[in-house]
Amino acid sequence: MTEVAVQVLRKVGGNCGIPLKFETSLVGGVAIDRVGSPLPPPVLEKAKKADAVLLGAVGGPKWDNLPHAKRPEQALLRLRSGLTLFANLRPAKVFKPLIDASSLKPEVVDGIDLLIVRELTGGIYFGKPRGLVKEKGKRSGFNTEIYDEKEIERIGRIAFEAASKRTKKVTSVDKANILESSILWREVMTEVGKDYSGVKLDHMYVDNCAMQLVRNPRHFDVIVTSNLFGDILSDEAAMLTGSIGMLPSASLGEVKNSLGYPRGMYEPIHGTAPDIAGKGLANPLATILSCAMLLRYSVGAEEGARKIEEAVEKVLSHGFRTADIAKKGEKVVSTGEIGEAVLERL
């Protein structure tokens, strides 16, 4: 799938006069098999020197019994940490040809085009103290939800900048009626919003947001929220589209690349499918759409990003389907065939 996506990037780069250069490295399970590490140090150093990273899905049952620190998924976590990536961007857009794939009524999901901006390095996943203890014969587990104002401000600015290029609306999601960390979150988001007079800001409790995503998803443009809430809401939003195999993602950091844009890592949100690996059955469209995000956020090539998205829309409109998005009776094509169809429409 990644090879197909790189072909798309090369084609768009040539069409739009973008001089792209590529280097390939091994991470995850194949890196474990070759060198015994999910993320070899030289690979991380190469990633740090790149303007952007395109990551294929990693992992599989073959490596499930390895110690936690040596499992393939550690490649993703260590890349996020090593590249200081703090903002995860997950779009959820319903392509009209796939509108019936959603479990919701077509009139509810028609027109969904939202972006969830999730804080990636703070909150309860990383807060301390944390642990498991046993006292007086009783076990307890505890974690700490903590954010400082700088962490909140920087993720807020990512959201407002994104909204300023869309329909100019930010919904900040928290639990300020219960959590002190959310009280600070709401205060800082309000302060950041004053610097973006053209963008409308509203606040919403996370439980209400979860309900509204199902009840009225078109209410949202950009949602910005914490690590924990974003983890949950982004998966909910992904399933609104009916096809997790269609959705890309971006993780951005504060470090600027050689082009002056945020260095980022781009990947499909779906996992691996070891049972069909190498058979030409996988859907490459989420990885191809991740390339559109790469051009938009780390290269500043909005025209190229739109060309990719329009090509994918045309391919779907002409009935091209891989097995994961095909309805009964529809013709199923291979990974390579749907990739070629995208290339032709570029």
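In what follows, residues are counted from 1 in the order of the sequence shown. A quick note: this is a predicted structure, and the numbers were derived from the prediction, not measured.
Within the structure, ring-ring contact (aromatic ring centres under 6.0 Å, His included) contacts touching residues 214-256 (residues at least two apart or in different chains) do not occur.
Using a 4.0 Å cut-off between a side-chain N of Lys or Arg and a carboxylate O of Asp or Glu, Glu161 and Arg157 do not qualify as a salt bridge. Between Arg71 and Asp64, at least one side-chain N (NZ, or NE/NH1/NH2) sits under 4.0 Å from a carboxylate O, which counts as a salt bridge. Between Lys175 and Glu145 no salt bridge is recorded (no basic side-chain N to carboxylate O distance below 4.0 Å). Under 4.0 Å is where a charged nitrogen must lie from a carboxylate oxygen, and between Arg306 and Glu302 at least one such pair does.
Here the closest non-hydrogen pair linking Pro217 and Leu240 is CB-CD1, 3.9 Å.
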Extract all donor-acceptor atom pairs below 3.5 Å that involve side chains of residues 50-58 and protein atoms in other chains or at least two apart in sequence.
| residue | atom | partner | partner atom | Å |
| --- | --- | --- | --- | --- |
| Asp51 | OD1 | Ser258 | N | 2.9 |
| Asp51 | OD1 | Ser258 | OG | 2.7 |
| Asp51 | OD2 | Ser258 | OG | 3.1 |

I'd like a table of donor-acceptor pairs (distance under 3.5 Å, sequence neighbours excluded) in which one partner is a side-chain atom from residues 72-80, with atom names and distances.
| residue | atom | partner | partner atom | Å |
| --- | --- | --- | --- | --- |
| Gln74 | NE2 | His68 | NE2 | 3.2 |
| Arg78 | NH2 | Ala69 | O | 2.4 |

Under 3.5 Å, sequence neighbours excluded: what are the donor-acceptor pairs made by side chains of residues 116-123?
| residue | atom | partner | partner atom | Å |
| --- | --- | --- | --- | --- |
| Arg118 | NE | Asn227 | O | 3.2 |
| Arg118 | NE | Asn227 | OD1 | 3.0 |
| Arg118 | NH2 | Asn227 | OD1 | 2.8 |
| Glu119 | OE1 | Thr121 | N | 3.2 |
| Glu119 | OE1 | Gly122 | N | 2.7 |
| Glu119 | OE1 | Tyr147 | OH | 2.8 |
| Glu119 | OE2 | Thr121 | N | 3.1 |
| Glu119 | OE2 | Thr121 | OG1 | 3.1 |
| Glu119 | OE2 | Gly122 | N | 3.3 |
| Thr121 | OG1 | Arg154 | NH2 | 3.2 |

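By the side-chain contact (heavy atoms from CB on, under 4.5 Å) test, Pro41 pairs with no residue at all, sequence neighbours left out.
Test Ile338, Ile288, Val342, Leu343 against Val4 for side-chain contact (heavy atoms from CB on, under 4.5 Å) and you get one pass: Ile288.
Two residues are said to be in side-chain contact when any heavy atoms from C-beta on lie closer than 4.5 Å; Val214 and Met239 fail this criterion.
A donor-acceptor pair under 3.5 Å is formed between the side chain of Ser249 and the backbone N or O of Glu267. Of the possible polar contacts, none joining the Arg139 side chain to the Leu132 backbone as a donor-acceptor pair under 3.5 Å is found.
Applying the under-4.5 Å side-chain rule to Ile, Leu, Val, Met, Phe, Trp and Tyr, the cluster around Ile183 consists of that residue alone.
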